[in-house]
Amino acid sequence: MTRAVQIFLEYKVKEDSIKEYEKTMEDVLAGLEKFGASQVDWYEAADQGNLYVEMFKLPTMSHYDTIKKYRQDKAHPLFGKLDPFIEGGCKKVHCWAFIQKT
């Protein structure tokens, strides 16, 4: 039985790049659905104006492994668009995957 995986990506956006990041993020979120993601959303931290979190579900852990591999190689066609805006580049992106226990 395969289980959906909940993904959380967290990173800081450069202060002078927030507007560009937010514009680009709309394209990234739309593209994630083409990669099998569902329930896609993103948030700005209430107490840290340049801290952002993306959340989405993937159908299986192998979908997550593929995205994480591409993300670490800076070759992911979606997330690579965000690298110029992230403090420290993709090395500073924190990524977690959770499987819901019922």
Side-chain angles (χ1 to χ4, degrees):
M1 175 175 104
T2 62
R3 292 175 154 178
V5 181
Q6 181 73 47
I7 308 300
F8 297 88
L9 296 171
E10 175 192 80
Y11 46 86
K12 290 193 175 227
V13 174
K14 297 174 188 173
E15 291 283 345
D16 60 348
S17 299
I18 290 175
K19 287 185 183 190
E20 293 89 349
Y21 160 79
E22 289 180 350
K23 288 179 192 173
T24 305
M25 198 57 214
E26 295 301 323
D27 290 337
V28 170
L29 294 180
L32 274 171
E33 292 176 2
K34 294 178 184 173
F35 275 89
S38 62
Q39 300 178 14
V40 179
D41 216 340
W42 62 298
Y43 301 90
E44 177 183 5
D47 61 345
Q48 297 180 54
N50 67 331
L51 180 68
Y52 288 84
V53 176
E54 297 159 28
M55 296 176 15
F56 52 93
K57 282 194 174 183
L58 294 171
T60 67
M61 193 64 184
S62 64
H63 283 81
Y64 169 71
D65 292 340
T66 299
I67 283 180
K68 189 170 182 181
K69 175 185 165 237
Y70 283 140
R71 187 71 188 107
Q72 291 171 339
D73 293 342
K74 293 187 175 183
H76 195 281
L78 294 173
F79 294 119
K81 295 178 181 181
L82 300 174
D83 287 340
F85 313 124
I86 297 173
E87 288 184 5
C90 75
K91 292 181 180 178
K92 290 292 184 176
V93 174
H94 303 285
C95 187
W96 298 278
F98 295 92
I99 297 172
Q100 183 175 4
K101 295 293 201 182
T102 55

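Heavy atoms only: backbone and side chains are in, while hydrogens, waters and symmetry mates are out.
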Same apolar cluster: L29 and L51, side chain cutoff 4.5 Å |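 No, separate clusters.
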
Within one Ile-Leu-Val-Met-Phe-Trp-Tyr cluster: W96 and I86, side-chain cutoff 4.5 Å =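 No, W96 and I86 fall in different hydrophobic clusters.
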
Quick check: do [X] and [Y] have side-chain heavy atoms less than 4.5 Å from each other?
{"X": "F56", "Y": "F8", "result": "no"}
{"X": "N50", "Y": "K14", "result": "no"}
{"X": "P84", "Y": "Y21", "result": "no"}
{"X": "K81", "Y": "D27", "result": "yes"}
{"X": "M55", "Y": "Q39", "result": "no"}

Sequence neighbours excluded, which residues qualify as side-chain hydrogen bond (donor to acceptor under 3.5 Å, both in side chains) partners of Q48?
-> K12

By side-chain hydrogen bond (donor to acceptor under 3.5 Å, both in side chains), T24 pairs with (sequence neighbours left out) none

Once side chain to side chain contact (heavy atoms under 4.5 Å, CB included) is applied, do any residues pair with [X], and if so which ones, sequence neighbours excluded?
{"X": "E22", "answer": "I18, W42, E44, Y52"}
{"X": "I99", "answer": "R3, V5"}
{"X": "E20", "answer": "S17, F85"}

Y43: ring pair (Phe, Tyr, Trp, His ring centres under 6.0 Å) partners, not counting sequence neighbours =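 Result, ring pair (Phe, Tyr, Trp, His ring centres under 6.0 Å) vs Y43: none returned.
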
Could you please spell out the steps behind the side chain to side chain contact (heavy atoms under 4.5 Å, CB included) verdict for L9 and V53?
-> CA-CA 5 Å; L9 296 171; V53 176; over 6 Å; no

Closest non-hydrogen atom pair between G36 and P59, with its separation |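 That would be O-CD, 3.2 Å.
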
Find the distance between CG (D65) and OG1 (T60) and round it off to the nearest 0.5 Å.
->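 Answer for the CG-OG1 pair, D65 versus T60, is 8.0 Å.
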
